[in-house]
Amino acid sequence: MKLAEQIPEDVEFTNPRKLLFPRDGFTKSDVISYYWRIADRMLPYLRGRAITVRRFPDGIGEDGFFQKNATDDMPDFIQTKEIATADDTMQAILVNEAAELVWLANKGAIEFHAALAMAETPNHPDQIIFDLDATSDEFSKIQQVAEALRAWCTENDIRPFVKSTGSRGLHVHIPIKDIQNGDFDTIRACAKRIAQHVVDECPDIATLEQRKENRGDRVYIDVQRNGYNQTAIAPYSLRARKGAPVATPLDWERAVQLETSGNRYKLNTLFKRLSQTEDPWKDFVPHAVQRGAFGLTF
DNA sequence: GACGCTG
DNA sequence: CAGCGTCAACGCTGC
DNA sequence: GCAGCG
Ligand SMILES: [Mn+2]
Ligand SMILES: [Mn+2]
């Protein structure tokens, strides 16, 4: 395959023509190429964090599965970190460089989910996330709730960052400056208080009800992602959905436009958008991590 | 996708 | 040797 | 402990 000369010798690709998005005609080669091209933009949000991959070795038309643990067939250049779980430990996968990204893509990894804490400090989140989940199909409700949340942040001198999830919703992230200050229980309680303000502001379109049967047509503000060893879809990850949508960082103006939806940008349309705009998340540095900070040589 | 078992 | 089965997560909430 | 949820 064309990319081979640019990628470390020990990364080989198998079945490059296998259809991973059968309804869209995108192959494993398309997915690997996407991740190779997006690596510089995406890696700052992955480096040093426990990564959960969602793999679809037989394409998104068949069952997929989550994988959090490293396996012994992984090459040496994939760093790992042992992290305690509720009743055991896991050997977490780290994705610090492009080689790891494409090696995992070759194993059928389509989605990359990133922890909200650095692997070295798994009890201390460096960001808060508000996961705005659609109950009905009206994306405008998601946008209104996001705006209400943004307004609360602005009143409190906080700068929130927004991304489309690639599915039907939006994620709003707030970087945490002093990560030693809180564990997940503390941060989640804080997130819930903020979310309650938003629900009070617009009770007809927003709810904190986890149970689907209690949500009505309201947007579910999910603060449960702010939990130990929990993850959120990483910026610039593909989603295993029709059209190969991308979880895309947005400027707020774009996020609330009529033309925007949760899956506005796709594998085959994202790069045009990137060439037309500055990185809307360039100031999102809850925990600045530089290339090379993890002792990699290539 | 990788591996082990079975025929 | 081919084919088949099995495996590949985790944590919070509210009964 | 378990179902529901993401
Ligand atoms: Mn969501
Ligand atoms: Mn298979």
Side-chain angles (χ1 to χ4, degrees), chain A residues 11-20 27-29 31-32 49-75 78 80-94 102-117 119 122-123 125 128-135 142 165-172 183-192 195-196 207-216 218-234 237 239-241 247 262:
Chain A
V11 179
E12 292 177 8
F13 301 111
T14 53
N15 295 319
R17 313 212 34 152
K18 176 177 264 187
L19 280 172
L20 293 187
T27 63
K28 192 202 278 186
S29 171
V31 170
I32 291 170
R49 300 173 190 279
I51 300 300
T52 302
V53 289
R54 192 170 170 217
R55 293 173 53 194
F56 295 82
D58 298 317
I60 67 167
E62 304 296 326
D63 287 344
F65 56 91
F66 289 91
Q67 181 173 358
K68 303 188 83 136
N69 279 281
T71 49
D72 37 21
D73 64 316
M74 288 183 180
I78 298 190
T80 66
K81 173 78 182 159
E82 183 169 288
I83 295 177
T85 61
D87 38 49
D88 197 2
T89 67
M90 61 177 180
Q91 199 66 34
I93 300 165
L94 306 188
V102 296
W103 190 91
L104 289 162
N106 184 55
K107 293 308 189 230
I110 289 178
E111 298 188 353
F112 291 78
H113 301 249
L116 300 161
N123 287 299
I128 306 176
I129 184 171
F130 298 89
D131 173 16
L132 307 184
D133 285 334
T135 303
I142 300 268
T165 64
S167 179
R168 302 199 305 157
L170 291 173
H171 283 176
V172 177
D183 59 14
F184 275 103
D185 290 348
T186 308
I187 294 304
R188 186 172 57 259
C190 176
K192 188 169 180 176
Q196 186 61 56
T207 180
L208 287 170
E209 284 285 348
Q210 186 211 32
R211 288 288 209 123
K212 284 180 173 176
E213 57 182 1
N214 296 336
R215 286 183 205 166
R218 295 171 293 183
V219 173
Y220 174 41
I221 307 179
D222 178 9
V223 299
Q224 303 292 145
R225 318 279 88 242
N226 300 282
Y228 181 67
N229 283 345
Q230 296 303 97
T231 63
I233 192 69
S237 176
R239 302 309 301 269
R241 302 176 64 90

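None of these values were measured; they are calculated from a predicted model. Order of the sequence lines sets the chain letters (A, B, ...), proteins ahead of strands, with each chain counted from 1.
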Query raised in the report: Does A/R225 get its side chain close enough to the base of D/dG6, under 3.5 Å, for a donor-acceptor pair?
Result: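 In this structure, the two groups form a donor-acceptor pair.
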Scan [X] against the nucleic acid and name what it touches under 4.0 Å (heavy atoms): base, sugar-phosphate only, or nothing.
{"X": "A/Y228", "value": "sugar-phosphate"}
{"X": "A/Q224", "value": "sugar-phosphate"}
{"X": "A/R188", "value": "sugar-phosphate"}
{"X": "A/R215", "value": "sugar-phosphate"}
{"X": "A/T85", "value": "sugar-phosphate"}

Nearest whole angstrom, please: distance from the [atom2] of [N] to the [atom1] of [X].
{"X": "A/D222", "N": "D/dG6", "atom1": "CG", "atom2": "C1'", "value": "6 Å"}
{"X": "A/D73", "N": "C/dC7", "atom1": "CG", "atom2": "P", "value": "17 Å"}
{"X": "A/L20", "N": "B/dG1", "atom1": "CG", "atom2": "C1'", "value": "11 Å"}
{"X": "A/E213", "N": "D/dC5", "atom1": "CD", "atom2": "P", "value": "8 Å"}
{"X": "A/R54", "N": "D/dG6", "atom1": "CZ", "atom2": "P", "value": "13 Å"}

Query raised in the report: Considering only side-chain heavy atoms of A/M90, which listed nucleotide, D/dC5, C/dC10, D/dG6, is closest?
Result: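 For the A/M90 side chain, the nearest candidate turns out to be C/dC10.
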Distance below 4.0 Å between [X] side-chain N/O and [N] OP1 or OP2:
{"X": "A/K107", "N": "C/dA8", "result": "no"}
{"X": "A/N15", "N": "B/dG1", "result": "yes"}
{"X": "A/N69", "N": "C/dC10", "result": "yes"}
{"X": "A/K18", "N": "B/dG1", "result": "yes"}
{"X": "A/K212", "N": "D/dC5", "result": "no"}

**Report entry** Euclidean distance for C1', C/dA9 against D/dC5 (whole angstrom)
**Finding:**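 Pairwise C1' distance, C/dA9 against D/dC5, rounds to 14 Å.
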Query raised in the report: If you measure from the P atom in C/dA8 to the same atom in B/dC3, how many Å do you get, rounded?
Result: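 It works out to 15 Å between them.
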Query - Derivation and outcome, side-chain contact (heavy atoms from CB on, under 4.5 Å), residues A/L20 and A/I60 - result: CA-CA 6 Å; A/L20 293 187; A/I60 67 167; 5.6 Å; no
Report task. May I ask which nucleotide in the shown strands pairs with C/dT13, Watson-Crick or G-U wobble, both distances under 3.5 Å? Result ->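 Because both required distances fall under 3.5 Å, C/dT13 counts as paired with D/dA3.
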Query raised in the report: Counting N and O atoms only, with roles assigned by atom type, does the side chain of A/R241 sit under 3.5 Å from a partner on the main chain of A/S167, one being a donor and the other an acceptor?
Result: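 Not a single qualifying donor-acceptor pair exists.
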Report task. Would you confirm whether A/K18, through its side chain, and A/D58, through its main-chain N or O, come within 3.5 Å as a donor-acceptor pair? Result ->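 Between the backbone of A/D58 and the side chain of A/K18 there is no qualifying donor-acceptor contact (under 3.5 Å).
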Query raised in the report: More than 12 heavy atoms of other residues, nucleotides or ligands under 6.0 Å from CG of A/D63: is that the case?
Result: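 Count not over threshold, so no.
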Report task. Would you give the length of the straight line joining atom CD1 of A/I51 to atom CD1 of A/I93, rounded to the nearest 0.5 angstrom? Result ->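 Reported value, rounded in 0.5 Å steps: 8.5 Å.
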